[in-house]
Amino acid sequence: MITVENVVKTFDNKKAVDGISFEVKAGENAVLLGTSGCGKTTTLRMINRLAETTSGNIYINGKNIKEISPEDLRRNIGYVLQHNGLFPHYTIAENIAIVPELLKWPKEKIVKRTSELLEQLHLPQIYLSMYPQELSGGQQQRVGLARALAADPPLLLMDEPFGALDAVTRASITNEFSQLEVLKNKTIVLVTHDIHEAFKMGDKILLMDKGKIVQAGTAADLLFKPANNFVTEFFESQRMQLELNAVSLKDIWPFLDNTIFQNNLNEVSPDATIWEAMNILSLKKREDSITTNVVADERKPAGFDSLFIALSAYKRHRYE
Amino acid sequence: MNESSQSLFSFMQEQSGKIFSQLLAHIGLTFISLLIAVAIGVPLGIFISKKKKLSGSVLGFVGVLQTIPSIALLGFMIPLLGIGPKPAIVALFLYALLPIVRNTYTGIIGVDAAVKDAAKGMGMSGRQILAKVELPLSMPVILAGIRTATVINVGVATLAAYIAAGGLGEFIFGGIALNNTNMILAGAIPAALLAIVLDFILSKVQKLNLKKVNTAFWLFPLCVVLLSSFYLLPDIYGSKMLAGFTPEFMGRQDGYLGLKKIYHLNIRNVVISDAVMYKAAYEKRLDVISGYSTDGRLKAFDLIVLKDDKHIFPPYYVAPVIRKEVLQKNPSLANVLNQLAGHINDSVMTELNYRVDYLKQSPDKVAKDFLMEQGLYKEPRNGNSAVIRIGSKIFGEQYILAAMYSMLIKGNTDLQVETKTGLGGTKICFDALTNNQIDMYPEYTGTALLVILQTPDSIIRKLNADEQKIYNYVQQQFQKIYNLEWLQPVGFNNSYALMMRKEQSKKTGVYTISNLVNYLKEKE
């Protein structure tokens with residue numbers, strides 16, 4: 001879907017982005033992760049030509065974006081900003097309708113689409129006639145997403161979409177977004193400095209430093225097979241939680257013991273991470289086990305011990 | 001108090017037609033210039049918000065325009081655009097420019113960067129961002145700028161009367177010149193009310209809901225155009241002769257009123273400031289003007305005085321008027337000041353005025369040269385006795401006289417001198433004297449008789465335009481009423497006079513006021 005080829009961006013003779021290349025496949029969620037000033041936002045903005053490349057090329061579906069007018073290019077890419085950027089003088093309905101209006105959709109289609117989006121993003125219809133400042137930060141961010149999705153673009157660019165929210169709202173809305181049905185088939189490039197957010201949202205993480213991609217891969221790849229010391233140190237302070245978050249029950253399925261089978265255990269989705277499974281265990285009082293199934297009709301119970309053992313086995317098996 | 005407010009009311013009632021037409025002219029002037037300022041200022045503001053490198057120099061330039069004193073700006077306009085509404089509108093436009101350009105610029109710069117970024121990121125073109133995002137969001141700030149400009153313009157537009165553009169300034173300046181408080185208020189009150197009302201209306205527009213601002217944005221220019229049309233451009237550039245009279249001359253019995261009554265003169269005329277009148281006549285913008293017989297510009301601009309064959313202009317002999325208290329404290333002062341008496345006749349004064357007004361020599365230099373020539377000049381003693389405060393009206397002759405008196409006092413006594421020159425008019429000068437703000441200033445017998453004392457017609461007739469009788473009368477009255485002393489007259493008579501260009505006078509054969517009246521009648 002997106003191919004970035006050897007892209008360089010200089011500001012006043014300083015290289016903000018220094019020859020990076022990567023690819024994002026259709027339907028994939030790629031996260032540009034890094035500390036401030038590492039060039040991740042610039043990289044994102046070059047994809048919709050809010051910043052122009054100094055050298056190198058970017059292709060979307062095989063077409064060089066330099067050959068598309070910036071306006072046309074942007075109208076077909078959803079864009080979500082940190083400070084939502086909602087128009088304060090437009091109602092929610094009008095805000096969501098901006099791109100469809102630019103694309104000159106018929107009025108009825110726009111009305112239908114706006115109310116449909118509100119529903120998909122779990123926002124009540126009465127918001128349509130309200131103004132952004134009447135909504136809470138989290139709600140505004142959802143409207144910002146609705147606006148980006150309005151013309152149903154296949155590609156979404158998100159620039160620190162949850163960056164302006166408080167920690168609690170941020171966690172819950174990240175969770176919610178990661179599960180939204182409307183985002184399932186989209187190709188997403190997301191910029192964040194938050195490791196947890198990156199792990200939650202990203203199929204593929206591109207860890208950047210000083211304008212270069214240091215390592216690209218899944219969360220587990222970065223954790224368990226770091227390319228260099230920078231990568232190791234980047235995750236150091238939160239390693240345990242990250243590891244537990246990076247691996248799902250599905251991944252450790254082969255390493256779970258299924259000898260003892262107990263009935264009436266809580267069933268957890270195989271897509272849940274070990275961290276989530278442990279959270280459930282933590283909440284329980286007497287039983288120290290949960291169960292999951294990957295193959296139909298086959299279940300395996302798990303407790304704290306068995307989960308840790310399975311994780312170690314998984315790491316050994318996969319990365320050594 | 002009751003009586004005076006009653007008379008103000010009756011004055012305004014009596015003059016309501018004139019007040020109304022001046023008010024309309026005032027509104028028209030304000031809004032035509034505002035319209036042009038918005039039409040140019042808003043796009044300019046937008047332009048510099050896009051080309052930020054230019055913003056400093058453009059804002060600096062319009063800022064400098066704002067600092068030019070309004071009367072000077074009007075003066076600059078005369079050679080370029082003549083007199084009448086054109087230069088007034090241009091000057092008002094220049095004043096309105098700064099608040100409009102600056103507020104448009106700050107308004108657009110101040111639009112939330114995230115919102116602009118979002119607009120761009122969604123694929124809006126620069127033009128769409130401007131129309132749908134930047135302008136609507138900066139509209140309250142832009143409207144605030146327009147509001148400021150409107151209020152400034154209502155104020156500055158009063159000065160338009162100086163260059164024959166009409167408006168409420170005609171009453172205000174006429175009133176100041178004629179010592180007529182009611183007349184001043186009849187112009188000032190409507191002008192102040194106009195400013196307050198417009199400010200109020202615009203504050204309401206400014207606070208409209210953001211949504212409705214879009215509508216207001218289109219409605220506003222419409223209203224402005226409508227209001228501009230109030231200014232039915234005074235029909236100035238006609239075929240017949242055009243006269244330009246000062247506000248003072250317009251309202252005086254020994255001025256236009258007398259010309260109408262005694263000579264039955266009926267000439268199309270505009271109200272104009274003394275400062276630009278002579279030049280306007282020279283440049284053929286005006287044909288007949290009301291000037292002063294010793295004015296240096298008479299010589300400079302090749303004008304001649306029409307003979308007052310029916311003697312309606314009373315003599316205007318100048319003499320220092322001084323507070324009695326000051327004379328008592330400094331008995332030698334009277335003799336010192338009287339040294340000048342009889343030394344200056346009409347042609348000498350015209351010559352001195354010519355040096356100041358036209359050759360641009362400083363009044364101090366002209367005064368010193370003259371005193372030296374006459375053997376009256378003495379080096380200042382630099383004494384440190386009491387301070388004598390000398391005032392003067394705002395024209396060259398008065399500056400010269402004030403400078404001469406100052407030199408005489410400094411050279412002959414140990415007194416110190418402080419000059420307060422350039423006091424706006426008779427009323428301002430005289431009030432300063434009676435309120436102990438100055439100690440003396442040169443005044444004219446005619447002015448004292450008619451403007452200050454407001455002498456009834458019956459007494460004026462008895463005085464029979466005799467210079468000595470008039471001098472004695474004003475001297476007595478001033479002593480009696482104001483405790484002020486008239487010293488000896490300097491010698492020249494600077495009376496009102498009608499003037500024309502020499503060559504036009506020759507061509508038309510108009511040498512006297514009666515000739516003029518007949519010439520105008522023939523034409524009709």
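Keep in mind that this is a model prediction, so the values were computed, not measured. Letters go in sequence order (proteins before strands), and every chain restarts at 1.
Looking at B:Ala119, both its backbone and its side chain come within 4.5 Å of chain A, counting heavy atoms on both sides. At a 4.5 Å heavy-atom cutoff, the contact between B:Asp117 and chain A is made by backbone and side-chain atoms alike.
Around NZ of A:Lys66, the count of heavy atoms belonging to other residues, nucleotides or ligands within 6.0 Å exceeds 12. Atom CG of A:Asn185 sits in a sparse spot, with 12 or fewer heavy atoms from other residues, nucleotides or ligands closer than 6.0 Å. Within a 6.0 Å radius of NZ in A:Lys25, other residues, nucleotides and ligands contribute 12 heavy atoms or fewer. Atom CD of A:Glu119 has 12 or fewer heavy atoms from other residues, nucleotides or ligands within 6.0 Å. Other residues, nucleotides and ligands place no more than 12 heavy atoms under 6.0 Å from the NZ atom of B:Lys51.
The two residues A:Arg74 and B:Gly121 come nearest to each other via the heavy atoms CB-O, 3.3 Å. The heavy-atom pair separating A:Leu102 from B:Met122 by the smallest distance is CD1-O, 3.6 Å. Nearest heavy atoms, B:Ala118 versus A:Leu81: CB-CD1, 3.6 Å. A:Leu86 and B:Val115 make their closest contact through O-CG2, 3.5 Å (heavy atoms, listed as atom of the first residue, atom of the second, distance).
Separation of atoms CD (A:Glu71) and CD (B:Gln128) is listed at 7.5 Å; rounding is to 0.5 Å. Annotation: the span from B:Lys120 atom NZ to A:Asn48 atom CG amounts to 9.5 Å, rounded to 0.5 Å.
Between chain B and the options A:Arg147, A:Gln82, A:His83, heavy-atom pairs under 4.5 Å are most frequent for A:Arg147. Interface check for chain B: of the options A:Leu73, A:Val99, A:Leu50, the most heavy-atom pairs under 4.5 Å are formed by A:Leu50.
Side-chain atoms of B:Lys132 and A:Ile98, non-hydrogen and from C-beta on, never get closer than 4.5 Å to each other.
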